[in-house]
Amino acid sequence: MTADDRVWWQDGAIYHIYLRSFADGNDDGLGDIPGLIAHLDHLNGSPESLGVDAIWLSPCYPSPDKDFGYDVADYRSVDPRYGTMADVRRLLDEAHRRGIRVLLDLVFNHSSDQHPWFLESRASRQNPRRDWYIWREAKPGRRPPNNWQSVFGGRAWEWDEATQQFYYHMFLKEQPDLNWRNPAVRRELMDTVRFWLDLGVDGFRLDVFSAWFKHADLPDNPPRLGLRGFDRQHHVYDVNQPEMFEALAELRAILDSYPERAAVGEPFGDGPALAARYCGQQRLHMVFNFAFTHCPWNPARFQRAIQEWDAAVPPDGWPCYVLSNHDVPRHASRYGGRHPDAVARVAAALLLTQRGTPFIYYGEEIGMQNLPLRRSQIMDPPGRRYWPIYKGRDPERGPMQWDASPNAGFSRTRPWLPVHPDYRARNVDAQRRDPNSLFSYYRALLRLRRESPALRRGRFQALIQDPRQAMAYLRAAPDETALVALNFTPSTQHIRLDIVPEPSRWELRLSSLASPQAAICGSEIRLGPHEAAVFFAA
Ligand code: NOJ
């Protein structure tokens with residue numbers, strides 16, 4: 001493969017920006033688009049950049065912020081707190097100039113209850129937009145139409161006193177679900193896709209897309225064992241309905257009518273097999289599989305997740321991998337233990353040497369940790385509701401730690417969430433200047449991946465059948481083979497390989513240790529404590 005054959009979403013790395021926490025350009029305590037533009041050099045286009053190929057921006061549309069932007073009040077404009085449409089155009093120009101593609105987040109399962117469509121819909125039963133949402137009669141005794149539960153707690157039906165019907169909301173009651181079975185709704189949303197593509201946006205991340213359609217008859221979901229109400233049901237009728245495929249084909253045809261556009265979907269419901277059904281031709285380019293976010297720090301679990309995902313994704317689809325995002329605790333905190341930075345390096349090597357597009361969550365390149373928060377500081381609705389069993393998602397949404405100045409260089413005023421107390425030592429500025437920092441290691445890994453056809457596209461083959469302390473695998477392309485070995489433990493390991501790869505001469509190209517110890521001798525690999533090593537066949 002030559003440099004010209006590179007496909008950005010397949011061969012590149014995508015950086016996930018939680019916009020309100022990335023960089024504050026107007027000192028109101030919230031991250032925004034001008035702030036992001038001012039920091040694009042961190043991502044690509046300068047010799048000191050991380051070296052990513054695209055960014056995915058969390059929702060930037062007008063929103064009452066009941067779910068921090070995932071409750072959209074207008075799909076075709078920008079919330080003034082984040083900037084203007086002129087700022088979006090400038091972002092596209094500045095990003096493209098640096099070789100960065102831009103993906104927006106499309107939240108098409110539900111809107112805000114303040115969206116003008118819903119205001120009209122709830123105005124009266126006769127309103128032309130009534131059927132844009134899912135309204136139903138109560139059962140006798142004003143009982144809800146079925147047993148469906150909301151992801152964020154409580155039942156998924158809200159009674160509307162004025163019009164004497166229930167409406168359905170899979171998330172908060174302030175996030176009513178759109179009725180995808182209404183052709184006018186579908187047309188409007190597909191036109192919204194065209195609107196952003198015409199502006200020059202390179203693609204989309206689709207929020208809970210597999211919930212767009214619900215079973216037309218809204219039957220009860222069967223019960224199962226679970227902790228929260230939502231988990232106490234098999235989600236047979238509220239998600240993953242067959243009509244999805246036809247809608248994805250329509251969306252894909254739109255994307256394909258523009259050059260080099262792509263979409264990645266957030267599926268609902270666990271399991272790689274289910275997720276994999278949604279990617280491929282006439283479907284999505286990629287679909288998230290959240291297996292890594294659930295894996296304990298155990299090489300056997302990661303290896304199984306990779307093998308299952310590799311086997312599940314069809315030949316015309318493409319895998320992607322993610323360790324952290326705005327909905328799960330940061331992996332530096334999940335796995336860190338007593339050696340957070342050493343472990344974060346092994347995790348980085350794991351993520352960036354897979355056959356599949358890596359998604360990097362902002363701040364993971366400097367090892368950002370979950371925010372320690374008191375109950376009174378929690379903003380996230382499910383966190384408020386379930387504290388202390390579940391503390392919500394604020395901890396993983398902390399302000400980006402740019403430098404050691406007050407507020408971590410994120411803002412000149414108090415940020416919407418506190419900055420992590422470790423910011424004076426852990427920040428971009430300090431790590432950029434240190435050749436042995438985690439940031440420098442991410443850069444080196446990304447550079448290696450960019451230059452190596454084997455790391456980008458090569459076949460995955462595990463070399464240890466039941467890994468206990470370390471993982472070792474090949475990434476084999478026609479003209480190049482890489483061997484990756486990852487020590488998950490704090491002690492030196494001598495690991496015997498079950499499969500001894502050919503050829504037998506290997507050259508160490510990159511180690512996570514300042515003084516590398518990795519070596520391959522016949523069927524044995526030596527690795528230093530928490531060492532991640534990438535070799536190439538000599
Ligand atoms: C998934 C998003 O990632 C999450 O943050 C949001 O709360 C729900 N979808 C609802 O939009």
Side-chain angles (χ1 to χ4, degrees), residues 14-25 28-37 39-40 42-43 52 54-83 87-88 91-92 95 100-112 151-152 171-172 174-175 192 196 201-209 262-266 286 288 290 293 320 322-330 359-365 368 370-371 379-383 392-400 410-411 415-417:
I14 302 180
Y15 188 91
H16 170 189
I17 291 178
Y18 194 67
L19 186 63
R20 52 193 293 127
S21 297
F22 194 63
D24 180 6
D28 62 355
L30 275 189
D32 49 41
I33 294 173
L36 162 59
I37 295 172
H39 284 88
L40 283 173
H42 173 62
L43 303 173
V52 294
I55 53 178
W56 143 34
L57 228 61
S58 59
C60 55
Y61 320 101
S63 166
D65 267 358
K66 297 292 184 211
D67 187 17
F68 299 111
Y70 285 94
D71 47 325
V72 177
D74 177 359
Y75 288 102
R76 300 197 192 186
S77 71
V78 175
D79 194 301
R81 293 168 305 165
Y82 297 138
D87 291 326
V88 176
L91 170 65
L92 292 170
I100 303 171
R101 313 284 176 136
V102 180
L103 279 81
L104 294 188
D105 208 320
L106 291 182
V107 193
F108 281 178
N109 177 65
H110 44 267
S111 73
S112 159
V151 178
F152 288 160
F171 294 88
L172 298 172
E174 293 87 357
Q175 293 169 296
T192 302
W196 290 109
V201 164
D202 299 286
F204 305 99
R205 175 262 188 190
L206 308 177
D207 190 67
V208 289
F209 74 93
V264 53
E266 181 200 34
M286 296 180 287
F288 286 120
F290 296 117
T293 68
C320 62
V322 50
L323 278 165
S324 289
N325 66 29
H326 64 297
D327 291 331
V328 295
R330 286 181 174 273
F359 278 74
I360 298 170
Y361 186 46
Y362 81 98
E364 79 173 57
E365 70 277 26
M368 268 173 63
N370 286 337
L371 287 181
M379 314 267 236
D380 189 29
R393 301 164 295 177
D394 303 296
E396 58 262 28
R397 298 175 176 179
M400 180 68 172
F410 166 78
S411 174
W416 76 288
L417 281 175

Worksheet entry | Verdict with reasoning, Leu19 to Asp32, per side-chain contact (heavy atoms from CB on, under 4.5 Å) | CA-CA 6 Å; Leu19 186 63; Asp32 49 41; 5.8 Å; no
Practice prompt. Mind running side-chain contact (heavy atoms from CB on, under 4.5 Å) on Leu103 and His16 for me, showing each step along the way?
Written response: CA-CA 9 Å; Leu103 279 81; His16 170 189; over 6 Å; no
Discussion item. Show, in sequence, the C-alpha distance, side-chain angles and deciding distance for Leu36 and Ile17, and conclude whether the side-chain contact (heavy atoms from CB on, under 4.5 Å) test is met.
Written reply: CA-CA 9 Å; Leu36 162 59; Ile17 291 178; 3.4 Å; yes
Worksheet item: Checking side-chain contact (heavy atoms from CB on, under 4.5 Å) for the pair Asp67/Arg393: CA distance, chi angles, key distance, verdict?
Response: CA-CA 11 Å; Asp67 187 17; Arg393 301 164 295 177; 3.0 Å; yes
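Asp105 and Arg205 get closest at one heavy-atom pair: OD1-NH1, 2.9 Å. When all heavy atoms of Pro399 and Leu371 are compared, the pair lying nearest together is CD-CD1, 4.5 Å. Across all non-hydrogen atoms, the minimal contact from Phe204 to Val201 is CE2-CG1, 4.0 Å. The minimum heavy-atom distance between Phe410 and Met400, with the atom names listed, is CB-O, 3.6 Å. Closest heavy-atom contact between Val102 and Leu92: CB-CD2, 3.7 Å. Between Asp71 and Asp65, the closest heavy-atom pair is OD2-N, 3.2 Å.
Atom OG in Ser63 sits 11.0 Å away from atom CG in Asp74 (nearest 0.5 Å). One distance of note links OH of Tyr362 with CD1 of Ile55; it measures 14.5 Å at 0.5 Å rounding. Atom OG of Ser58 sits about 6.5 Å away from atom OH of Tyr82, to the nearest 0.5 Å. Atom CG of Leu323 is separated from atom CD of Glu364 by 6.0 Å, given to the nearest 0.5 angstrom.
No donor-acceptor pair under 3.5 Å is formed between the side chain of Asp394 and the backbone N or O of Arg397. With hydrogens and angles disregarded, a donor-acceptor distance shorter than 3.5 Å links the side chain of Asp24 to the backbone of Gly29. Under the 3.5 Å distance criterion, the side-chain polar atoms of Asp87 are left unmatched by any main-chain donor or acceptor of Leu91. Side chain of Asp79 to backbone of Cys60: no donor-acceptor contact under 3.5 angstrom is found. The closest donor-acceptor contact from the side chain of Glu396 to the backbone of Val328 lies under 3.5 Å. The backbone N or O of Val208 sits less than 3.5 Å from a side-chain atom of Glu266, completing a donor-acceptor pair.
In this structure, Phe108 has its ring center under 6.0 Å from that of Tyr75. His110 has its ring centre less than 6.0 Å from the ring centre of Phe171. Proximity of the aromatic rings of Phe288 and Phe359 is defined here by a centroid distance below 6.0 angstrom, and this criterion is met.
When side chains are defined from C-beta on, Phe152 counts as touching Gln175, because their heavy atoms get closer than 4.5 Å. Proximity of Val52 to Ile14: side-chain heavy atoms (C-beta onward) are nowhere separated by under 4.5 Å.
Note on ring orientation: taking the six-membered ring where Trp is involved, the planes of His39 and Phe22 are perpendicular (angle over 60°, cut-offs 30° and 60°). Relative orientation of the Tyr70 and His326 rings is parallel, given thresholds of 30° and 60° on the angle between their planes.
Under the 6.0 Å distance and 45° angle rule, Arg330 does not count as a cation-pi partner of Tyr18.
There is no side-chain donor-acceptor pair under 3.5 Å between Arg76 and Tyr61. Judged by distance alone, the side chains of Tyr15 and Glu365 do bring a donor and an acceptor atom under 3.5 Å apart. Counted by atom type alone, Ser411 and Trp416 present zero donor-acceptor pairs between their side chains at under 3.5 Å.
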